Amino acid sequence: MSTPFLPREPLPGDRAQVPAVFDAFGNQIFPPPAPQAAPAHHCAVCRCDHSTGRHSREVSRLTPGAAVALGAGGVLVTGVVLVALLLSVAVVAASVAVAALSLAVVAVVLRSLLNSTQDPRHTRRR
């Protein structure tokens, strides 16, 4: 496999350099390429380069219809979540009520069974 870029021959005034090594895609691996010169001023907040005077990041604005649709969607999602919470509370309350009612029925049945076996007046005589 041959390298796509051949290193240039050193000139008489050049310092001794390590030959560049490239990968199969033509990217220089060794020595690492020299860092690019940084712009004069770079603002990290708005990501603009003040030396050119242009903003590199576009600002997106909502149209009135899109803002109304977004607000309506938020209200709809909030309503659905609240209704789901209310329904879950109602289901839990109903299950607690059914459990309490069933415990009350079991208690009444047990009480009547215990009273009928302990009281000799309620037994039939033949």
Side-chain angles (χ1 to χ4, degrees):
M1 178 187 295
S2 65
T3 58
F5 301 102
L6 297 175
R8 68 173 177 84
E9 293 295 322
L11 297 176
D14 285 347
R15 295 184 301 185
Q17 289 184 339
V18 178
V21 178
F22 297 92
D23 65 0
F25 302 106
N27 300 322
Q28 184 175 352
I29 300 173
F30 183 82
Q36 298 290 331
H41 173 76
H42 182 73
C43 182
V45 175
C46 64
R47 299 186 188 279
C48 64
D49 183 10
H50 290 288
S51 63
T52 61
R54 294 192 55 193
H55 292 279
S56 63
R57 185 174 154 205
E58 292 292 324
V59 177
S60 62
R61 297 183 187 268
L62 292 176
T63 61
V68 168
L70 187 64
V75 168
L76 182 66
V77 168
T78 305
V80 166
V81 168
L82 288 177
V83 166
L85 286 173
L86 287 174
L87 284 175
S88 66
V89 167
V91 166
V92 168
S95 65
V96 167
V98 167
L101 183 64
S102 63
L103 283 175
V105 167
V106 167
V108 167
V109 168
L110 285 176
R111 183 177 175 190
S112 70
L113 286 175
L114 289 174
N115 284 339
S116 68
T117 57
Q118 289 178 356
D119 192 10
R121 289 184 293 155
H122 295 289
T123 57
R124 284 188 158 178
R125 293 185 190 182
R126 292 186 184 196

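Because the structure is a prediction, the values reported are computed rather than measured.
In the hydrophobic clustering (ILVMFWY side chains linked at under 4.5 Å, chained through shared members), L87 is joined by V83.
Applying the side chain to side chain contact (heavy atoms under 4.5 Å, CB included) rule to A66 yields the partners L62, T63; only residues at least two apart in sequence or on another chain are considered.
Residue S95 comes nearest to V92 through the heavy atom pair OG-O, 2.7 Å, listed as atom of the first residue, atom of the second, then distance.
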